[in-house]
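Owing to the predicted nature of the structure, the values given are computational and were not obtained by experimental measurement.
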Amino acid sequence: MDRYTLHVHTVPGGYAGTADEFPDLTATAPGWKVAYRGIEAMVDTAVSELTALGQPVPPVTPPPHPLLGNDPAPYERREDRVTYELHRAVARKLLTDPALIVALIPGNIAKIRRAVNGPLPQRWLDTWAAAADSGVEDLIELMLGHDQEAKELRQNTPFAGALTQDERITAILRAGAKPDAVVS
């Protein structure tokens, strides 16, 4: 058979790819797991291996960004689902107009800093500021993380004003909550 396919699919924590019908590749990398930003390296490796084996290289379509999926927010508590969906909506806007969303962060952080006391909230704000300075992908990873820190950060968000009321309602409905049950 002279047709080869590189399969790439999403898994929790990143992307997994398998080399299907590539005996040499499957033996050395039966279950690649790479972070989202590392997927290009995985594809480049597969293309290099195919070329070295003298095999034709199939067209490779990059996977969609994980935010564009329709998977439900992965939390039992309504509050966690709502904050996740609100941040997913902000992240989608961040992908289309990063300058607009990133521009909101410094002013919102300054307002929040004046209103909170204690080292923990200040650390959360420092984390948001650092992520905003490091780039869109880092910011999105932080916004949509599944660990406890990400959940706490979403409760102390610098994205006020990023969503319209309709976008907020849509996100809240996606989370399975009533729109009037959440206070801005």
Side-chain angles (χ1 to χ4, degrees), residues 10-16 33-42 62-184:
T10 59
V11 295
Y15 284 94
K33 283 192 177 176
V34 294
Y36 177 72
R37 279 180 274 163
I39 198 157
E40 294 85 5
M42 181 191 74
H65 196 283
L67 298 175
L68 302 179
N70 290 321
D71 56 321
Y75 299 104
E76 283 187 34
R77 292 181 52 218
R78 179 186 57 80
E79 179 180 299
D80 293 332
R81 288 192 314 271
V82 168
T83 58
Y84 184 85
E85 290 298 342
L86 288 168
H87 281 80
R88 188 177 352 206
V90 171
R92 285 184 176 123
K93 287 184 85 166
L94 188 58
L95 289 173
T96 58
D97 194 353
L100 176 71
I101 303 303
V102 171
L104 295 171
I105 296 172
N108 285 335
I109 286 177
K111 287 178 194 172
I112 297 168
R113 278 196 199 280
R114 290 190 297 270
V116 298
N117 293 317
L120 190 56
Q122 297 300 329
R123 186 177 56 114
W124 291 328
L125 296 171
D126 292 342
T127 301
W128 280 123
D133 289 340
S134 66
V136 170
E137 286 298 325
D138 288 341
L139 192 55
I140 290 172
E141 286 179 29
L142 187 63
M143 292 167 70
L144 300 176
H146 297 300
D147 61 2
Q148 186 61 35
E149 180 186 30
K151 287 168 65 174
E152 291 170 359
L153 286 166
R154 283 191 291 270
Q155 295 294 326
N156 299 278
T157 182
F159 298 105
L163 299 176
T164 66
Q165 187 64 15
D166 287 344
E167 290 167 331
R168 286 181 50 74
I169 289 171
T170 299
I172 293 166
L173 291 173
R174 269 185 63 89
K178 295 178 183 174
D180 58 352
V182 177
V183 177
S184 299

Give the minimum heavy-atom separation between Gly145 and Ala150, together with the two atoms involved.
O-CB, 3.4 Å
Name all residues meeting the side-chain contact (heavy atoms from CB on, under 4.5 Å) criterion together with Gln148; count only those two or more places apart in sequence or in a different chain, and write none if there are none.
Lys151, Glu152
Residues that Leu104 engages under side-chain contact (heavy atoms from CB on, under 4.5 Å), provided they are two or more places apart:
Asn108, Ala162
Hey, mind stepping through Tyr75 and Thr83 against side-chain contact (heavy atoms from CB on, under 4.5 Å) and telling me if it holds?
CA-CA 10 Å; Tyr75 299 104; Thr83 58; over 6 Å; no
What's the separation between atom OG1 in Thr157 and atom CD1 in Ile109, rounded to the nearest 0.5 Å?
9.0 Å
Sequence neighbours excluded, which residues qualify as side-chain hydrogen bond (donor to acceptor under 3.5 Å, both in side chains) partners of Thr127?
none
Going by side-chain contact (heavy atoms from CB on, under 4.5 Å), name the residues that satisfy it together with Thr164, two or more places apart in sequence or in a different chain.
Asp166, Glu167
Rounded to the nearest 0.5 Å, what separates atom CH2 in Trp128 from atom CD1 in Ile105?
7.5 Å
CZ of Arg154 to CD of Glu149, rounded to nearest 0.5 Å, is 10.5 Å
Could you work out, with side-chain contact (heavy atoms from CB on, under 4.5 Å) as the rule, every residue matching Leu94, not counting sequence neighbours?
Pro98, Ile101, Val102, Val136, Leu139, Ile140, Met143
Would you list the pairs meeting salt bridge (Lys or Arg N to Asp or Glu O under 4.0 Å) in which at least one residue belongs to residues 103-127, sequence neighbours left out?
Arg113-Asp126
Rounded distance [0.5 Å steps], CG in Leu100 versus NZ in Lys93:
6.5 Å
Below 4.5 Å, heavy atoms only, C-beta onward: do Trp124 and Ile112 meet side chain to side chain?
no
Between His87 and Phe159, how do the two ring planes meet: parallel, tilted or perpendicular, split at 30° and 60°?
perpendicular
Kindly compute the distance separating CZ (Arg88) from CG (Leu144), expressed to the nearest 0.5 Å.
7.0 Å
Write down the atom of Gly176, the atom of Arg81, and the distance for their closest heavy-atom approach.
O-NH2, 4.3 Å
side-chain contact (heavy atoms from CB on, under 4.5 Å) between Gln122 and Val116, intermediate numbers included:
CA-CA 8 Å; Gln122 297 300 329; Val116 298; 3.5 Å; yes
